[in-house]
Amino acid sequence: MLANYHTHTERCGHARGTDREFVESAIKGGFDVLGFADHCPWVFEDGYVSHIRMTPAEVDGYFASLTALKKEYADDIRIYIGFEAEFIPQLIEAQDRLLADYPLDYMIMGQHFNKPENCGEYMGVPTSDEGLLREYVDRIIEGMDSGRYRYLAHPDLLDFTGSKQAYEEHYMRLCEYLKAKGIPVEINMLGMMNNKHYPSERFFRIAQKVGNKAIIGCDAHIPEFLNDSSIMKIGKAFADLMKLELVESLSGLE
């Protein structure tokens, strides 16, 4: 089965292409399953408007469009409607109220921030601050304990440049937790194809040692990304190199 559960839409402000174009590109690319997981909105009490995720007002259109496409293309591909989200405790209740009446299939965790983005720093930049790495791992574990998320997107987003000992201690702790919970780590293909610092062999050597399972996530921000058959092959080759067992599809979504 060829499946991808990490697909964005133009609603996040940094992707392009219509929902239909993503679906049709995935069909051309041979996918059996396409999961949309655009950046989940937060409800900010101070009226802050994020420029990297859809607004609460766009949620209706997101579900209406994807629900219609799910029905229209049912004979060609299975479509699931999800979100990629951080775990930010002080904003969770408002987010739950916002999404309560929608047919949400799943969520994945992408811990871009440890705090609300209007007062927190982005995790994807180099840092030698061990306290920030510890907080990042702690927050992921806390979020996964909530049972909200199916897997961890770009687990090595935080680019720790401090001591090797601290890197291995905290990422080992994360990998061991995820292994115990049966939660796969994502091989993020957007990061790989754009030569970002992730997916990092350094991190995945730890995952290999622990015995984590992995899942390939396209993290598609343009439709054409889903129609390039080489991308999934490169992801599988990386998994083979790291000697990681791949999870090809998420169970329980039927």
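The structure displayed is predicted, hence computed values, not measured ones. Positions are given from 1 along the sequence. All heavy atoms count here, side chains included; hydrogens, waters and symmetry mates do not.
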Distance-only donor-acceptor hits, side chain of residues 177-186, under 3.5 Å, sequence neighbours excluded:
residue	atom	partner	partner atom	Å
Tyr177	OH	Asp145	N	3.2
Tyr177	OH	Asp145	OD1	2.6
Lys179	NZ	Val210	O	3.4
Glu186	OE1	His154	N	2.9
Glu186	OE1	Asn188	ND2	2.8
Glu186	OE2	His6	ND1	2.7
Glu186	OE2	Tyr151	OH	3.0

Got a list of side-chain donor-acceptor pairs under 3.5 Å for residues 168-175, not counting sequence neighbours?
residue	atom	partner	partner atom	Å
His170	ND1	Arg173	NH2	3.1
His170	NE2	Glu130	OE2	3.0
Tyr171	OH	Leu158	O	2.8
Arg173	NH1	Asp138	OD1	2.7
Arg173	NH2	Asp138	OD1	3.3

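Panel note: side chain Gln208, backbone Met242; a donor-acceptor pair is recorded below 3.5 Å. Ser146 contributes a side-chain N or O that, together with a main-chain N or O of Gly143, makes up a donor-acceptor pair within less than 3.5 Å. Using modelled atom types, one side-chain atom of Asp32 and one backbone atom of Leu2 make a donor-acceptor pair closer than 3.5 Å.
Contacts of Glu45 classified as salt bridge (charged side-chain N to carboxylate O under 4.0 Å, His left out), with partners at least two apart in sequence or in another chain: none. Asp19 meets the side chain to side chain donor-acceptor pair (under 3.5 Å) test with Arg11, Ser65; sequence neighbours excluded. By the salt bridge (charged side-chain N to carboxylate O under 4.0 Å, His left out) test, Glu201 pairs with Arg205, sequence neighbours left out. In this structure, the salt bridge (charged side-chain N to carboxylate O under 4.0 Å, His left out) partners of Asp96, at least two apart in sequence or on a different chain, are Arg148.
Annotation: Gln165, atom CD; neighbour count of heavy atoms from other residues, nucleotides and ligands within 6.0 Å does not exceed 12. Counting non-hydrogen atoms of other residues, nucleotides and ligands closer than 6.0 Å to CG of Asp240 gives a total above 12. Other residues, nucleotides and ligands contribute only 12 or fewer heavy atoms inside 6.0 Å of the CD atom of Glu121.
Placement of Met232 and Ile79 within a single hydrophobic cluster is found when ILVMFWY residues are connected by side-chain heavy-atom separations under 4.5 Å, directly or transitively. Cluster annotation: Ile206 is connected to Met123 through the hydrophobic network of ILVMFWY side chains, with a link wherever side-chain heavy atoms come within less than 4.5 Å. When hydrophobic clusters are built by joining Ile, Leu, Val, Met, Phe, Trp and Tyr residues whose side-chain heavy atoms come closer than 4.5 Å, directly or via intermediates, Val43 is not grouped with Val49.
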Q: Apply side-chain contact (heavy atoms from CB on, under 4.5 Å) to the pair Cys40 and Leu99, showing each step before the final yes or no.
A: CA-CA 10 Å; Cys40 193; Leu99 302 179; 3.8 Å; yes

(Q) Evaluate Leu157 against Tyr136 for side-chain contact (heavy atoms from CB on, under 4.5 Å), listing each step before the verdict. (A) CA-CA 10 Å; Leu157 177 67; Tyr136 174 75; 3.7 Å; yes

(Q) Using side-chain contact (heavy atoms from CB on, under 4.5 Å), reason through Tyr80 and Tyr5 one step at a time and then give a plain yes or no. (A) CA-CA 8 Å; Tyr80 296 108; Tyr5 299 92; 4.2 Å; yes

(Q) For a side-chain contact (heavy atoms from CB on, under 4.5 Å) check, start with the C-alpha distance between Asp159 and Tyr198, then their side-chain angles and the critical distance, and finish with the verdict. (A) CA-CA 8 Å; Asp159 185 15; Tyr198 60 88; over 6 Å; no

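Looking only at side-chain heavy atoms (C-beta outward), Leu98 and Pro41 come within less than 4.5 Å of each other. For the pair Tyr73/Glu24, a side-chain contact is recorded, criterion being any heavy-atom separation below 4.5 Å from C-beta on. A heavy-atom distance below 4.5 Å is not found between the side chains of Phe225 and Thr7. Within the 4.5 Å cutoff, side-chain heavy atoms of Leu132 are placed close to those of Asn114. You'll find the side chain of Trp42 reaches within 4.5 Å of the side chain of Ile92, heavy atoms only. Ser128 is listed as a side-chain neighbour of Thr161, based on a closest heavy-atom distance under 4.5 Å. Side chains of Ile234 and Met193 form a contact here, defined as non-hydrogen atoms less than 4.5 Å apart. Using a 4.5 Å heavy-atom threshold, the side chains of Leu34 and Asn4 count as touching.
In terms of heavy atoms, Asp156 sits closest to Ser200 at OD2-N, 2.7 Å. The two atoms that bring Leu253 and Arg150 nearest to each other are CD2-NH1, 3.4 Å, heavy atoms only. Heavy-atom minimum distance, Ile187 versus Pro199: CG2-CG, 4.2 Å. Nearest heavy-atom pair across Glu84 and Ala153 is OE2-CB, 3.9 Å. Between Glu142 and Pro89, the shortest heavy-atom contact is OE2-CG, 3.8 Å. Shortest non-hydrogen contact noted between Ala85 and Tyr149 is O-CE2, 3.9 Å.
The distance from atom OG1 of Thr55 to atom CZ of Phe44, rounded to the nearest 0.5 Å, is 11.5 Å. Taking SG from Cys218 and CG from Asp228, the interatomic distance works out to 9.5 Å, rounded to the nearest 0.5 Å. In this structure, CE on Met192 lies 11.0 Å from CG on Leu190, to the nearest 0.5 angstrom. Taking CZ of Phe204 as the start and CG of Leu241 as the end, the distance is 11.5 Å to the nearest 0.5 Å. To the nearest 0.5 angstrom, Phe22 atom CZ is 8.0 Å from Glu224 atom CD. Separation of atoms CG (Asn118) and CZ (Phe113) is listed at 9.5 Å; rounding is to 0.5 Å.
In summary, Asp219 and Lys196 do not engage in a salt bridge, as defined by a charged side-chain N under 4.0 Å from a carboxylate O.
Ring to ring, Phe36 and Tyr62 are not that close: their centroids are 6.0 angstrom or more apart.
Here the rule is side-chain hydrogen bond (donor to acceptor under 3.5 Å, both in side chains) with Glu86, and of His39, Lys115, Arg53 only Arg53 fits it.
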